[in-house]
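Letters A, B, ... are given to chains in the order of the sequence lines, protein chains preceding strands, and every chain is numbered from 1.
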Number of protein chains: 2
Amino acid sequence: MTASHDLEAQLLLDNQLCFKLYAASRAVIRAYKPMLDELGLTYPQYLAMLVLWEWQASPPEQATVKALGERLMLDSGTLTPLLKRLEQLGLVQRRRSSADERELCLALSAAGLALRDRVLPLKQRLLCESGVDVNELEGLRESLGQLLALVRAHS
Amino acid sequence: MTASHDLEAQLLLDNQLCFKLYAASRAVIRAYKPMLDELGLTYPQYLAMLVLWEWQASPPEQATVKALGERLMLDSGTLTPLLKRLEQLGLVQRRRSSADERELCLALSAAGLALRDRVLPLKQRLLCESGVDVNELEGLRESLGQLLALVRAHS
DNA sequence: AGCAATTGAATTGCACACAATTTATTCATC
DNA sequence: GATGAATAAATTGTGTGCAATTCAATTGCT
């Protein structure tokens, strides 16, 4: 194995961590599709709901668009239309903060809260049908967390 | 730790492998941005070019849109406009196969071929500046490959 | 109080992703 | 050789992502 081989190999698609990440992410989102179709949500909408459900149990100081954006690492350009759709679906309420009119506060509607109960059974079923060994995923989740921390630190 | 705690924990964002994948993928794409800006490419365009460069060294039976789509796991709805943009940039040539008029054959222009030489130095610099330890990424790449194979097998 | 700088959302514009449909071509079978 | 099924791209429509800008509200400073 020569040095130039090593270098050239760095341009092979299959050696690209970035491609594997990108492809795996889309593949997992695709795997979630049947479940999300039943819930009537898109994947990023589902992630937003996860945060809002979490906030029910342990409310943050401010349940604003900004806070949600920091949690999901998404900006208002993505979240504003997404949240308007969740509002249209009757799952989320959006209202300006009275303390600071710049902030938009987010709250779950009754339907949004109720939707939570349908998720776990669907997710269990998905996990079963996918035939994925949960224990195998532990290590991956940890490595991903490290990579994420690393990339975020250097940006 | 009760059973219901275990279940509830499955809805916490930070416990979602899917979210970590999704966030890490976007973070890595963001990290590539400075390099891709210099090349004048978007991230999926870069991936397409990686495949086309690879095909120079070892040509596939058919260098078609379909073959590229299988390699990148993307469909024509994504690739058609993307490839038209690469053609506009003067990097790629698109022409119907004479053997089968349904197929669209892809080829690199001289400029497309030449662009390859600028990638490795930029990538080396990116890797250095990011401060990422390449060895740490090996394990992650392997786990991702396994996950990818797993999810693809069950779809 | 007055005003510049900052902040939080919204908006705009571009490029994906992907489902669903359409169109053109080829294949298979009769 | 006609024709129905299959195939490869292209098209259409919806929903992100994200950079850049705009707008309104607030904060800091004098």
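Listed for the B:Ser143 side chain is no donor-acceptor partner under 3.5 Å among the backbone atoms of A:Leu140.
Residues B:Leu137 and B:Leu120 fall within the same hydrophobic cluster, defined by Ile, Leu, Val, Met, Phe, Trp and Tyr side chains chained together at heavy-atom separations under 4.5 Å.
Rounded to whole angstrom, the span from the OH atom of A:Tyr32 across to the C1' atom of C:dA17 amounts to 19 Å. Between the C1' atom of D:dG17 and the CZ atom of B:Phe19 lies a distance of 14 Å, rounded to the nearest Å. One atom, CG of A:Leu104, and another, C1' of C:dT11, lie 15 Å apart when rounded to the nearest Å. The CG atom of A:Leu68 sits 13 Å away from the P atom of D:dG17 (whole-angstrom rounding). The nearest whole Å value for the distance from the CG atom in A:Asp37 to the C1' atom in D:dT14 is 13 Å. Atom CD of A:Glu103 is separated from atom P of C:dA10 by 12 Å (rounded to the nearest Å). The distance from atom OH of A:Tyr43 to atom C1' of D:dG17 is 14 Å, rounded to the nearest whole Å. Here the P atom of nucleotide D:dG15 and the CG atom of A:Leu39 are 16 Å apart, to the nearest Å.
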- Letter per nucleotide, 5' to 3', of nucleotides 18-28 of chain C [B base touched, S only sugar-phosphate touched, - untouched; heavy atoms, 4.0 Å]: BB-----BS--

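For the residue pair B:Ala24 and A:Leu144, the shortest heavy atom distance occurs at CB-CD2, 4.0 Å. When all heavy atoms are compared, the tightest approach of B:Arg141 to A:Gln16 is CD-C, 4.2 Å.
Of the side-chain N and O atoms in A:Gln62, none sit less than 4.0 angstrom from OP1 or OP2 of C:dG8. Phosphate proximity of C:dA17 to A:Tyr22: present, with a side-chain N or O under 4.0 Å from OP1 or OP2. For C:dG8, the OP1/OP2 oxygens have no side-chain nitrogen or oxygen of A:Thr64 closer than 4.0 Å. A close approach under 4.0 Å does occur between a side-chain nitrogen or oxygen of A:Gln45 and OP1 or OP2 of D:dT16.
The ring-ring contact (aromatic ring centres under 6.0 Å, His included) check on A:Tyr22 picks up B:Tyr43, with sequence neighbours excluded.
Within 6.0 Å of CD in A:Gln124 there are more than 12 heavy atoms belonging to other residues, nucleotides or ligands. The environment of CD in B:Glu142 is sparse: at most 12 heavy-atom neighbours from other residues, nucleotides or ligands sit within 6.0 Å.
Residues B:Glu8 and A:Arg116 are paired through a salt bridge, judged by an N-O separation under 4.0 Å between the basic side chain and the carboxylate.
To the nearest 0.5 Å, atom CG of residue B:Leu36 and atom CG of residue B:Leu39 are 6.0 Å apart.
DNA chain D is contacted by A:Leu82, A:Arg85 of residues 79-96 of chain A, taking any non-hydrogen atom closer than 4.0 Å.
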